[in-house]
Number of protein chains: 2
Amino acid sequence: MKKLFFVTRSEENYIKTIFHLGGNSSSLIATNAIAEQMETKPSSVTDMAKKLAEKGFVNYKRYQGVSLTDFGIKTALSIIRKHRLWEVFLVEKLDFSWDEVHEVAEQLEHIKSEKLIDKIDELLGNPKYDPHGDPIPSKDGKFMERDKQLLSEMTLKSEGVCVGVKDTSAAFLKFLDKNSIALGNTIKVLEKEDFDLSLHIQMEGKELHISHQIASNLYIKKND
Amino acid sequence: MKKLFFVTRSEENYIKTIFHLGGNSSSLIATNAIAEQMETKPSSVTDMAKKLAEKGFVNYKRYQGVSLTDFGIKTALSIIRKHRLWEVFLVEKLDFSWDEVHEVAEQLEHIKSEKLIDKIDELLGNPKYDPHGDPIPSKDGKFMERDKQLLSEMTLKSEGVCVGVKDTSAAFLKFLDKNSIALGNTIKVLEKEDFDLSLHIQMEGKELHISHQIASNLYIKKND
DNA sequence: ACAAATTTTTAGATTTGTCTAAATTTTAAT
DNA sequence: ATTAAAATTTAGACAAATCTAAAAATTTGT
Ligand SMILES: [Mn+2]
Ligand SMILES: [Mn+2]
Ligand SMILES: [Mn+2]
Ligand SMILES: [Mn+2]
């Protein structure tokens with residue numbers, strides 16, 4: 001007796017946002033936080049919180065906030081899986097650049113067809129990470145967060161590989177492209193400037209200067 | 001000074017339906033015809049007709065019906081192009097069967113990204129026809145209706161190739177699959193039964209009996 | 001031509017998702 | 001412990017898309 005609710009696009013977007021704000025665990029997410037993230041008003045969030053609670057996606061405590069139920073988490077992971085698989089598809093199969101995919105994936109993630117996304121997954125060879133280095137949940141909702149750290153937190157002389165970005169804005173991604181910084185690149189910290197926290201690094205053989213702003217938005221997987 | 005209106009999913013569905021009902025040419029399409037096709041009520045159609053007229057997609061004459069403007073035709077062709085390209089993609093790249101693609105294409109046709117559909121078109125090698133034999137409009141809205149006729153209208157002894165279906169219901173398509181009738185198959189009319197209008201045909205070498213119901217939903221391109 | 005049948009439109013209601021402004025609750029500060 | 005500030009909810013409104021029921025226009029049949 002599997003209850004299958006129709007989930008609207010708006011509901012899906014709220015569920016996804018709550019998940020990204022940490023609404024897994026049992027921590028309560030504040031109304032204002034959701035409103036700010038979704039560029040909507042707190043009163044709209046309250047209305048939706050009630051509806052999502054009604055449908056079993058969240059636990060809602062008046063004046064306290066919401067947290068996702070197990071069902072809500074499962075739903076969120078399914079949407080995120082679709083979003084990230086579509087992003088891989090756009091980059092791998094249609095030559096989109098990594099700064100163009102998010103907007104389109106925001107639409108594609110709402111397409112309702114289990115077979116479609118399973119086939120896309122298969123076509124792509126069951127990728128584990130999306131173009132920004134974020135992990136792709138499997139069909140049954142499991143995924144591994146990669147062992148990684150921000151470049152800004154790496155110790156002097158340590159080496160590693162670029163595996164992800166924290167800021168996924170088109171502006172940042174284009175900046176990385178312009179400076180030939182890409183996921184998969186090898187990296188070594190040559191020098192750290194105490195004054196402005198900027199770094200002198202070696203990337204794929206070439207030496208490069210990196211501001212703190214950049215270093216604190218690049219994820220590195222340390223060697224061994 | 002290109003005016004770019006936001007077109008809602010619902011508006012797109014109305015525009016597409018009006019086109020399919022023959023709303024190109026200057027013929028007026030009746031409110032009831034649209035309502036029936038869309039499984040909605042005439043009063044809803046009237047409301048939408050006003051909105052579509054407001055936005056420049058249709059000419060609307062009270063109590064007479066609607067016809068698409070040039071802009072409306074252009075919009076309809078763009079939606080149909082997307083629908084049919086996605087259907088080809090699902091069949092060619094994801095191994096969907098031709099009876100499964102329509103439902104998903106109904107969703108995908110509303111994805112808004114010019115680059116996406118152009119890249120899909122390119123990936124597929126600019127196909128001219130969809131899995132049901134229907135022509136795919138080009139980016140600039142041109143398309144060729146194929147020279148074809150219903151099997152039921154073919155003369156005795158004439159030969160040809162299966163190029164399309166009139167009834168695109170999953171039930172009919174599955175029936176064709178079961179009987180190994182597929183687009184591209186060669187066909188020759190061996191005998192016509194006056195009594196029930198059934199046909200005796202040769203398809204890809206094998207002899208077959210075909211009811212009038214089937215014959216009047218299969219398009220054939222006659223040889224030479 | 002004119003009454004009857006059909007089609008279409010209008011009027012008013014409903015649902016979803018949003019907003020503003022006011023009221024309420026919680027949290028922070030003195 | 002009060003008061004002030006911040007966060008949250010409620011109340012009431014609105015736009016989009018739909019519906020039902022009633023009114024109006026058109027078409028049809030004799
Ligand atoms: Mn994204
Ligand atoms: Mn991503
Ligand atoms: Mn179709
Ligand atoms: Mn088709």
Side-chain angles (χ1 to χ4, degrees), chain A residues 4-18 21-23 26-68 72 75-76 79 106-107 109-110 112, chain B residues 4-18 21-23 26-68 72 75-76 79 106-107 109-110 112:
Chain A
L4 29 130
F5 264 121
F6 177 73
V7 192
T8 69
R9 173 176 298 226
S10 185
E11 286 164 356
E12 287 189 340
N13 283 331
Y14 274 94
I15 291 166
K16 191 176 52 145
T17 298
I18 294 166
L21 288 171
S26 50
S27 63
L28 289 170
I29 306 301
T31 302
N32 268 7
I34 298 168
E36 188 178 11
Q37 184 73 23
M38 300 195 63
E39 300 184 81
T40 182
K41 303 294 167 184
S43 55
S44 306
V45 175
T46 299
D47 287 346
M48 185 56 85
K50 289 174 187 167
K51 196 186 314 174
L52 292 178
E54 191 75 32
K55 292 194 173 189
F57 294 110
V58 303
N59 297 119
Y60 168 53
K61 297 210 187 71
R62 279 168 84 246
Y63 290 101
Q64 299 305 128
V66 296
S67 65
L68 291 170
T75 305
I79 302 162
E106 283 291 307
Q107 298 179 62
E109 72 188 3
H110 301 292
K112 285 174 175 62
Chain B
L4 30 128
F5 264 121
F6 176 72
V7 192
T8 68
R9 172 176 299 227
S10 185
E11 286 163 358
E12 287 189 339
N13 284 331
Y14 274 94
I15 292 166
K16 192 176 51 143
T17 298
I18 294 165
L21 256 23
S26 50
S27 63
L28 289 170
I29 306 300
T31 302
N32 268 8
I34 299 168
E36 187 178 11
Q37 183 73 25
M38 300 196 62
E39 300 184 82
T40 183
K41 302 294 168 186
S43 55
S44 306
V45 175
T46 299
D47 287 345
M48 185 56 85
K50 289 175 189 167
K51 197 188 313 174
L52 292 178
E54 192 74 31
K55 291 192 174 191
F57 294 110
V58 303
N59 298 118
Y60 169 53
K61 296 209 187 72
R62 277 168 85 247
Y63 290 100
Q64 300 305 129
V66 296
S67 65
L68 291 171
T75 305
I79 302 162
E106 283 292 306
Q107 298 179 61
E109 70 187 4
H110 301 292
K112 285 174 175 62

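To find a chain, count down the sequence lines: A is the first, B the second, and so on, and within it residues start at 1.
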Check the phosphate of [N] against [X], side-chain N and O only, distance under 4.0 Å to OP1 or OP2. Yes or no?
{"X": "B:Tyr14", "N": "D:dA16", "value": "no"}
{"X": "B:Lys50", "N": "C:dT9", "value": "no"}
{"X": "B:Tyr60", "N": "C:dT8", "value": "no"}
{"X": "B:Ser10", "N": "D:dT18", "value": "yes"}

Exercise. Give, for atom CZ of A:Phe57 and atom CD of A:Glu12, the distance between the pair rounded to the nearest 0.5 Å.
Key: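 Reported value, rounded in 0.5 Å steps: 8.0 Å.
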
Quiz item: Which distance, rounded to the nearest 0.5 Å, do you find between the OG of A:Ser27 and the CG of A:Leu68?
Solution: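 If we round to the nearest 0.5 Å, A:Ser27:OG and A:Leu68:CG are 9.0 Å apart.
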
Quiz item: So B:Lys16 and B:Glu109, side chain to side chain contact (heavy atoms under 4.5 Å, CB included) or not? Walk me through it.
Solution: CA-CA 11 Å; B:Lys16 192 176 51 143; B:Glu109 70 187 4; 2.8 Å; yes

Quiz prompt | Partner set under side-chain hydrogen bond (donor to acceptor under 3.5 Å, both in side chains) for B:Asn13, not counting sequence neighbours | solution =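 Partners of B:Asn13 by the side-chain hydrogen bond (donor to acceptor under 3.5 Å, both in side chains) criterion, ordered by chain and then number, come out as B:His110.
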
Self-check item: side-chain hydrogen bond (donor to acceptor under 3.5 Å, both in side chains) partners for A:Gln107, two or more places apart
Solution: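 Expected list: none.
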
Quiz item: Taking all atoms of both residues into account, what is the closest heavy-atom pair of B:Pro42 and B:Thr31, and its distance?
Solution: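 What the structure gives for the nearest pair is O-CG2, 3.5 Å.
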
Quiz item: Considering only heavy atoms from C-beta outward, does the side chain of A:Val58 approach that of A:Ile18 to under 4.5 Å?
Solution: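 Heavy-atom side-chain distance check passes, below 4.5 Å.
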
Quiz item: Just by modelled atom types, is the A:Ile15 backbone N or O under 3.5 Å from a matching donor or acceptor in the A:Thr75 side chain?
Solution: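 A pair under 3.5 Å: no.
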
Check the distance between [N]'s [atom2] and [X]'s [atom1] and give it to me in whole angstrom.
{"X": "B:Arg9", "N": "C:dT16", "atom1": "CZ", "atom2": "P", "value": "17 Å"}
{"X": "A:Lys41", "N": "D:dA13", "atom1": "NZ", "atom2": "C1'", "value": "16 Å"}
{"X": "B:Glu12", "N": "D:dA16", "atom1": "CD", "atom2": "C1'", "value": "15 Å"}

Quiz item: Take atom CD in B:Glu54; do more than 12 heavy atoms of anything else shown fall under 6.0 Å from it?
Solution: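 Open.
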
Exercise. Enumerate the residues from residues 28-40 of chain A whose closest heavy atom to DNA chain C is under 4.0 Å, giving them by residue number; use none for an empty result.
Key: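 Contacts with DNA chain C under 4.0 Å: A:Thr40.
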
Practice problem: Scan residues 42-49 of chain A against DNA chain D and write down, sorted by residue number, each residue with any heavy atom closer than 4.0 Å; if none is found, say none. | Solution: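 Under 4.0 Å from DNA chain D: A:Pro42, A:Ser43, A:Thr46.
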
Exercise. Walk me through it: do B:Lys112 and B:Phe6 pass the test side chain to side chain contact (heavy atoms under 4.5 Å, CB included)?
Key: CA-CA 10 Å; B:Lys112 285 174 175 62; B:Phe6 176 72; 4.3 Å; yes

All N/O pairs under 3.5 Å across the protein-nucleotides 25-28 of chain D interface:
residue: D:dA25; atom: O4'; partner: B:Tyr63; partner atom: OH; Å: 3.4

List the atom pairs, donor and acceptor, that lie under 3.5 Å between side-chain atoms in residues 34-41 of chain B and the rest of the protein, sequence neighbours left out.
none

